[in-house]
Amino acid sequence: MKEPLSHDFYFGDVEDVARAMLGKQLVRVTANGMTAGRIVEVEAYLSRQDPANHGHRGQTRRNATMFGTGGHAYVYSIHARYCLNAVTEPEGVPCAVLIRAVEPLEGLDLMRERRRRTNVLDLARGPARLCEAFGIDRSLDGWDLTRGEELWLADEDGTTVNAANIAVAQRVGVSAGADLPLRFFMADSRFVSKRPRQPKS
DNA sequence: CTACCGATTGACT
DNA sequence: GTCAATCGGTAGA
């Protein structure tokens, strides 16, 4: 079974939750079947003091979910696509963790159908790609991730993530607050969307 | 109402 | 490596 992570998981400091989300599973169930993947890359968006955060300038209709309680999905659209976040912390604090990449584990054919791509590396490597592969759109904004229905995060059985395997880098694509080291990813995963410049080998 | 723009992607050199 | 398509959200007239 893929038991959903409890409410408590989402209530810590957003950076801690971001690190803890690595190695967990993203699970999606629709009438077409189940898809699941291992989270390998995330980014933390801090509260009001973070200039890259959508909630930086206060609450609007678009970002209202981020101001709600932790454990809900925040789905926003950008560049004609969707991105998925997990909201953290109690109500009123607009923090969230962007899921940037997952390693496909189950439902690969369904992902291929939705993505119209066959290469596994092209299915869910990138925040908008994984939303397409998992059939996630704005209708899931505000969804309760602790229910264990339709969309949730689960513990991967018997797998623990060694902190030494977690790499830290700057966030991708942000202009304001670009220098902050708030992107966390599995150092050894091929399914990470972007890598910092590699030293010459 | 219009104008601008982004937590991106995919096609192309 | 470079670059333009894409469209909903937001701000401003």
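Just so it is clear: chains get the letters A, B, ... in the order the sequence lines come, proteins before strands, and each one is counted from 1.
Nucleotide dA7(B) holds its P atom 11 Å from the CG atom of D50(A), rounded to whole Å. In this structure, CZ of R129(A) is placed 18 Å from P of dA7(B), rounded to the nearest angstrom. Taking atom CZ of residue R171(A) and atom P of nucleotide dT8(B), one finds them 11 Å apart after rounding to whole Å. Atom NE2 of H79(A) and atom P of dC4(B) are 17 Å apart (whole Å). At whole-Å resolution of the value, CZ in R125(A) and P in dT9(B) are 10 Å apart. Atom pair H54(A):NE2 and dA11(C):P shows a separation of 12 Å (rounding to whole Å applied). For Y82(A) and dC7(C), the OH to C1' distance is 10 Å, given to the nearest whole Å. Spacing between atom CD of E132(A) and atom P of dG10(B) amounts to 7 Å, rounded to whole angstrom units.
Comment: R112(A) engages D109(A) in a salt bridge, judged by a side-chain N to carboxylate O separation of less than 4.0 angstrom. Under the 4.0 Å criterion applied to side-chain N and carboxylate O atoms, R114(A) and E132(A) are not assigned as salt-bridge partners. A salt bridge links E106(A) with K2(A): the distance from a Lys NZ or Arg NE/NH1/NH2 to an Asp or Glu carboxylate oxygen falls below 4.0 Å.
For dA7(B), the base is not stacked against the aromatic ring of Y76(A), per a cut-off of 5.5 Å between centres and 30° between planes.
For the atom pair T118(A) OG1 and M111(A) CE, the distance stands at 14.0 Å (nearest 0.5 Å).
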For Watson-Crick and G-U wobble pairs within 3.5 Å on both distances, what is DNA chain C written in dot-bracket notation, | included for inter-strand pairing? |||||.||||||.
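Minimum heavy-atom separation, H54(A) to Y74(A): ND1-OH, 2.9 Å. Closest approach of L98(A) and C83(A) over heavy atoms only: CD1-CB, 3.8 Å.
Of the candidate nucleotides dC7(C), dT8(B), dT10(C), dT10(C) has the atom lying nearest to any side-chain atom of R62(A). Side-chain atoms of N85(A) lie closest to dA7(B) of the nucleotides dT9(B), dA7(B), dG9(C). Here the side chain of S77(A) is nearest to one of dG8(C), dA7(B), dG10(B), namely dG8(C). Side-chain proximity of R61(A) to the nucleotides dA7(B), dT10(C), dT9(B) is greatest for dT10(C).
Within the 4.0 angstrom heavy-atom criterion, base atoms lie near A52(A). Within the nucleic acid shown, R183(A) has no heavy atom closer than 4.0 Å to any nucleic acid atom.
Among V14(A), N85(A), L182(A), the one residue that satisfies the side-chain contact (heavy atoms from CB on, under 4.5 Å) test with V97(A) is V14(A). Under the side-chain contact (heavy atoms from CB on, under 4.5 Å) rule, T146(A) has a single partner from Y10(A), W152(A), F9(A), which is Y10(A).
Listed by residue number, R100(A), R115(A) are the residues of residues 100-116 of chain A with a heavy-atom contact under 4.0 Å to DNA chain B.
The shortest distance between the side-chain N/O atoms of R117(A) and the OP1/OP2 oxygens of dT9(B) is not below 4.0 Å.
Put simply, L151(A) and M21(A) are part of the same group of oily side chains (I, L, V, M, F, W, Y) that touch within less than 4.5 Å, one to the next.
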Determine all donor-acceptor pairs shorter than 3.5 Å in which one atom belongs to a side chain in residues 39-51 of chain A; sequence neighbours excluded.
| from | atom 1 | to | atom 2 | distance (Å) |
| --- | --- | --- | --- | --- |
| E41(A) | OE1 | S193(A) | N | 2.6 |
| E41(A) | OE1 | S193(A) | OG | 2.9 |
| E41(A) | OE2 | R100(A) | NE | 3.1 |
| E41(A) | OE2 | R183(A) | NH1 | 2.6 |
| E41(A) | OE2 | S193(A) | OG | 3.0 |
| E43(A) | OE1 | Y45(A) | OH | 2.8 |
| E43(A) | OE2 | V172(A) | N | 2.8 |
| R48(A) | NE | G55(A) | O | 3.4 |
| R48(A) | NE | H56(A) | O | 3.3 |
| D50(A) | OD1 | A52(A) | N | 3.0 |
| D50(A) | OD1 | R171(A) | NH2 | 3.2 |
| D50(A) | OD2 | L46(A) | N | 3.0 |
| D50(A) | OD2 | R171(A) | NH1 | 2.8 |

